[in-house]
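Below is one structure, written out as structure tokens, with a few remarks after it.
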Amino acid sequence: MENIEFPPRYEATSVESKWYQAWDDANLFSPSDDTTKPSYCITIPPPNITGSLHMGHALCYPLQDVLGRFQRMQGKRVLILPGQDHAGIATQSVVEKQLRKEGSSGAELGREKFVERVWQWRGESGDTILTQLKALGCAFDWSRLRFTLDDHYANTVLQVFIDWYNKGHIYRGKRVVNWDPKLKTSVSDIETLRETRKGHLYHIRYDFTDGTGSVVIATTRPETMLADIAVAVHPSDKRYEGKIGKMLRLPLVGREIPLVSDLYPDPEFGTGAVKITPAHDPNDYEVGVRHNLAMPVVLDLSARISAEWNREFEPELASSVEKYEGMDRYEARKQIVKDLEECGALVEIVDHEIPIILSDRSGEVIEPLLSEQWFARQGELAKPVIEAVQQDEITFHPARYKDIFLAWMESIRDWNISRQLWWGHRIPAYYTEENELFVALTWEEAQKQAGSKKIVRQDTDVLDTWFSSGMWPFVTLGWPEQSEDMNSFYPTSILITDRNIINLWVARMLMMGYDLVGAKPFSQVIIYATVLREDGRRMSKSLGTGIDPMDVINTLGADALRWTLLSQTGENQDLRYSEKKTEEARNFCNKIWNATRFVLMNVDGIPAKPTELETVDKWLLSRLVHTEKEVKQAYERFDLQAACQALYRFFWSEVCDWYIEISKSRLYNDEQKATPQWVLLTAFEAFIKMLHPIMPFITEELYKYLPIEGKREFVMSADWPVLPADLNQPEAEQEIESVFAATRALRALRAELDLKPMQQVASVYFEGDLKGNEAIVSSQAWVQNLIHGKPNGRFVSATSGGIDLHIGVEGLIDLAKVLESITRDLAKSTDEEAKLAARLDNPQFVERAKPEVIERDRATLAELKARIEKLEARQALLGA
RNA sequence: GGGCGAUUAGCUCAAUGGUAGAGCAUCUCGUUUACACCGAGAGGGUUGGGGGUUCGAGCCCCUCAUCGCCCA
């Protein structure tokens, strides 16, 4: 073996850079042609074209890669289909920002030019993240790369819109939506953030028109009073008994509004009376609908006061509102509070924590605004999904998300699918001069439908990005065509995503899958942990608290990064990323590298399978069998934390710390070396395969060098290890572990005597049965002669299991440490003995505990007693 | 306000109701032909507080506290 190829330090970056291309060249990313194999498919959550890799991605996509690689090794026909989302708002704002820098704007360019510009931007920098996914080692089938604005995809989205419209699933209506006054579009809940800010609660008096007193309402948003249409109180509220239905005079405006009874107001809060502004508050909107109230709008799309509504519907009152026209909502608030104070309607102002909603994209405070939007009905579509989840046809991991999901689905609301943007799927709705609506794929078809009426414009809105991504698992596979991929891979196997978009995305895919395809899109939903910083704070680009995974990959390697995140992945809700852990993972890579290097230095060709095995060989192979079982089960239940733990323990502690050390003497002996060579290669081959899904690069590199039979060209396309059941040898395991325990006890005794590690001791005596494993003890505890019996003269001892080990001490050496250790050990043993004896003396314990527990406790007690006797004897000997 | 999760060694996390473990960090020792990105040894815990169930609770139940997330 050449040292140039195999330096003593593992260089991740040079190894990692070559393998991705090699896999691609060998066409390993596409599903195998063998259609008799069972399929396994994941359509990855499409990252935004604006996205660049963050730590969440570095967990999410490798997690899918792990499952794909694992299933491929299990003999499945695996397809992991990658793609990207056009991400309406995100992309549009990125390009807008760029235009602003150039002194231009979308408005200046106009719709057509702007959209062209976005396509240009996508061409230039839209696929950054795809390159990064490759750097992470994700074995995705790039030949099937999809984009939500590809021709086929876009046409399908429009066709679904048309079909749903024709079926009555989609309608146009007025609703209160989350309005971003800066971006001038409605946004979905996921594109908003909630915060609490210090503000004020304003108490305002509304007088009854008949002069019989007044009602005081409390509001955090006095400026919206211009659009008040009622005051509501709870029916149980005694304070307003007999007053329901009476009219109040709205201060400043002069409008007469009724006092209504509704379950919405909380009688405990303030005066129990709330002003109802249906156009500017979602709860008020519901009240407005229940009471059939008018819905005056007093803010325009920039959140400035507008008198438009009044001019149209209450011209006689318009002048009172016009005073504020054009004022920004906050400016208007000041002025209105001042005017209320002047007219004596302001009762008091108190400090109050007010909840606000921010637009994730622009940072602007969201204005709930009544506006005309397109909606998709959800109630009917939700039914089959709810049923399937209830009956566990679709399962969640962790399982707790099932109930959370169901609770949301059962109270699902209609979905606002229109966005006032240019980048996206433009709604295929066309209008005549008389505003008559025709929904059709093209202008021409709409015109055909319209007959003699003339189509003059197309709807300017685009569809919510989630409307298109809701069809991701099947449109990417070719639906609505009965494509081969649809036949082979739908329903897909699993969906892995972030808990934040369970309702917004997962729910929609499920509903669309059942309704459009007639079958569920996937059977399992896996929710992965949120990656936090080391200190538990969120990683956020805007706060500058993010860590760029690419930096980590370039220094410590993709394998190390994958291990760091995956080894912390179980059913936990969050995980903390620390670069220190990645250094540990890098160290693990180095350990694997060097251990393999050692094996390769000590083998020559493929060793024959031995006929005779020593106990320690049986021990390692038995540990291997258990590890394989553990790792496989852990992968199957998505518990990568457990898989990593089992792999780490097996390799570092069992293979490296014990087996390699023990087998060195045999490896250096030509007569004996074949057996440990075979055992090592068997263990390494299996280990490298089992590790491969998590660390694809280093395992691929090392697999190349292993002299083993039936080797494939790539470990990536190798089969999962098959280990004969007879390798499981519990007796050998037990025997060897007790020998290790004795070795450890002897090493500890040596340390107490200040004997340097690895400094040979001439003679150590032992009592008890080492069952022929004396060589292990003597080589691993650095003893020249291990002799059965007791030494002459003074000696000190250690005990482990049934084995006593003695080291002779001559002259006046300092035995303080030994004595100290004995005293400590004695105290601990006595304490344990007392506890155990007390338990066994308890008749209820003996009566009710499981027999095997009692049995074990009795045995332990006997051992403790013997140990205490020995310790006391030794103490007496040294103390004398 | 409602729901979910977390709280275990200095740190990050494990532990089918049966003597609480690992890695890192700390301390001591060690250049040994795979690896100092290494090896040997050691110390370190009232499992957030308080109740309860049980022969037995980190684990089950109640309650409180703190932190995080989701929904309103």
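Residue numbers begin at 1 in each chain, while the letters A, B, ... track the order of the sequences. Just so we're clear, the structure is a prediction, and the values are computed from it rather than from any experiment.
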| request: Determine, for A:F598 and A:K664, whether the Lys NZ or Arg CZ falls below 6.0 Å from the six-membered ring centre while staying within 45 degrees of the axis. | output: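 Yes - A:K664 lies over the ring of A:F598, closer than 6.0 Å to its centre and within 45° of its axis.
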> Is the cationic atom of A:R508 (NZ for Lys, CZ for Arg) positioned less than 6.0 Å from the six-membered ring centroid of A:W415 and within 45 degrees of its normal?
Replying inline: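 Positive - A:R508 is close enough to the ring of A:W415 and near enough to its axis.
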task = Only counting residues at least two apart or in another chain, list the ones meeting side-chain hydrogen bond (donor to acceptor under 3.5 Å, both in side chains) with A:R867.
result =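 Expected list: A:D825.
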Check: With sequence neighbours excluded, what pairs up with A:K581 under the side-chain hydrogen bond (donor to acceptor under 3.5 Å, both in side chains) test?
Finding: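 With sequence neighbours excluded, A:K581 shows a side-chain hydrogen bond (donor to acceptor under 3.5 Å, both in side chains) to A:Q568, given in chain and number order.
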Taking N and O atoms by type only, does the side chain of A:R586 place a donor or acceptor under 3.5 Å from a partner on the base of B:C37?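 Checked by distance alone, the answer is yes.
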| B:A40 base to A:E661 side chain: any donor-acceptor pair below 3.5 Å? |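 No.
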Within this structure, what is the [atom1]-to-[atom2] distance between [X] and [N], rounded to whole angstrom?
| X | N | atom1 | atom2 | value |
| --- | --- | --- | --- | --- |
| A:E847 | B:U54 | CD | P | 14 Å |
| A:Y401 | B:C4 | OH | C1' | 8 Å |
| A:W593 | B:A36 | CH2 | P | 14 Å |
| A:I660 | B:A40 | CD1 | P | 12 Å |
| A:D535 | B:A6 | CG | C1' | 17 Å |
| A:E852 | B:U19 | CD | C1' | 16 Å |
| A:F598 | B:C35 | CZ | C1' | 11 Å |
| A:Q677 | B:A34 | CD | P | 15 Å |

Output for pair (A:I527 CD1, A:T497 OG1), nearest 0.5 Å, gives 6.0 Å
**A:R576 side, atom CZ; A:R533 side, atom CZ - distance, nearest 0.5 Å** =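 That separation rounds to 10.5 Å.
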- Query: Going by an N to O cut-off under 4.0 Å, is there a salt bridge joining A:D403 and A:R400?
  - Reply: no
Which nucleotide sits closest to the side chain of [X]: [options]?
| X | options | result |
| --- | --- | --- |
| A:Q641 | B:G5, B:G30, B:C13 | B:C13 |
| A:R576 | B:G39, B:G18, B:U12 | B:U12 |
| A:P757 | B:G30, B:C35, B:U19 | B:G30 |
| A:R400 | B:A34, B:A40, B:G5 | B:G5 |
| A:R856 | B:G18, B:A40, B:C29 | B:G18 |

Contacts satisfying ring-ring contact (aromatic ring centres under 6.0 Å, His included) that involve residues 552-582 of chain A (not counting sequence neighbours) are A:W563-A:F588
**Phosphate contact (B:C37 OP1 or OP2) by A:R9 side-chain N/O below 4.0 Å** = yes
By nearest nucleotide on RNA chain B, pick out whichever of A:E583 and A:Y668 is the more 5' one.
->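 The residue mapped nearer the 5' terminus is A:Y668.
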5′-ward residue of the pair A:E11/A:V599 relative to RNA chain B: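 Comparing both residues, the 5'-ward one is A:V599.
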What is the nucleic acid contact for [X], judged by heavy atoms within less than 4.0 Å: base, sugar-phosphate only, or nothing?
| X | answer |
| --- | --- |
| A:N602 | nothing |
| A:K591 | base |
| A:C656 | base |
| A:A595 | base |
| A:T860 | base |
| A:K402 | nothing |

Please determine, by modelled atom types, if [X] and [Y] share a side-chain donor-acceptor pair under 3.5 angstrom.
| X | Y | value |
| --- | --- | --- |
| A:S821 | A:E752 | yes |
| A:R499 | A:T530 | yes |
| A:N594 | A:R597 | yes |

Write down the distance separating the [atom1] atoms in [N] and [M], rounded off to the nearest Å.
| N | M | atom1 | answer |
| --- | --- | --- | --- |
| B:A42 | B:A6 | C1' | 32 Å |
| B:G2 | B:A15 | P | 31 Å |
| B:C60 | B:A40 | C1' | 42 Å |
| B:U54 | B:G49 | P | 23 Å |
| B:U26 | B:A14 | P | 24 Å |
| B:G10 | B:A25 | C1' | 7 Å |
| B:U47 | B:A34 | P | 45 Å |
| B:A20 | B:C24 | P | 23 Å |

Distances for protein N/O vs nucleotides 69-72 of chain B N/O pairs under 3.5 angstrom?
unit_1, atom_1, unit_2, atom_2, d
B:C69, O2', A:R499, NE, 3.2
B:A72, OP2, A:R194, NH2, 3.3

Find every protein N or O atom lying less than 3.5 Å from an N or O atom of nucleotides 21-28 of chain B, and list the pairs.
unit_1, atom_1, unit_2, atom_2, d
B:G23, O2', A:E584, OE1, 3.4
B:C24, O4', A:E584, OE2, 3.3
B:C24, O2', A:E584, OE2, 3.4

- Task: For residues A:Y659 and A:F651, establish whether the separation of their ring centroids is below 6.0 Å.
- Result: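 No.
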Output field dot_bracket for RNA chain B (Watson-Crick or G-U, both distances under 3.5 Å, | for other-strand pairs) contains (((((((..((((....[..)))).(((((.......))))).....(((((..]....)))))))))))).
task: Give me the ring orientation class for A:F740 and A:W658: parallel if the planes are under 30° apart, tilted from 30 to 60°, perpendicular past 60°.
output: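 Plane angle under 30°, so parallel.
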message: Closer than 3.5 angstrom, by distance alone: can the side chain of A:D559 be matched with the main-chain N or O of A:I698 as a donor-acceptor pair?
response: yes
request  = Walk me through it: do A:F638 and A:Y528 pass the test ring-ring contact (aromatic ring centres under 6.0 Å, His included)?
outcome  = CA-CA 10 Å; A:F638 318 117; A:Y528 63 87; over 10 Å; no
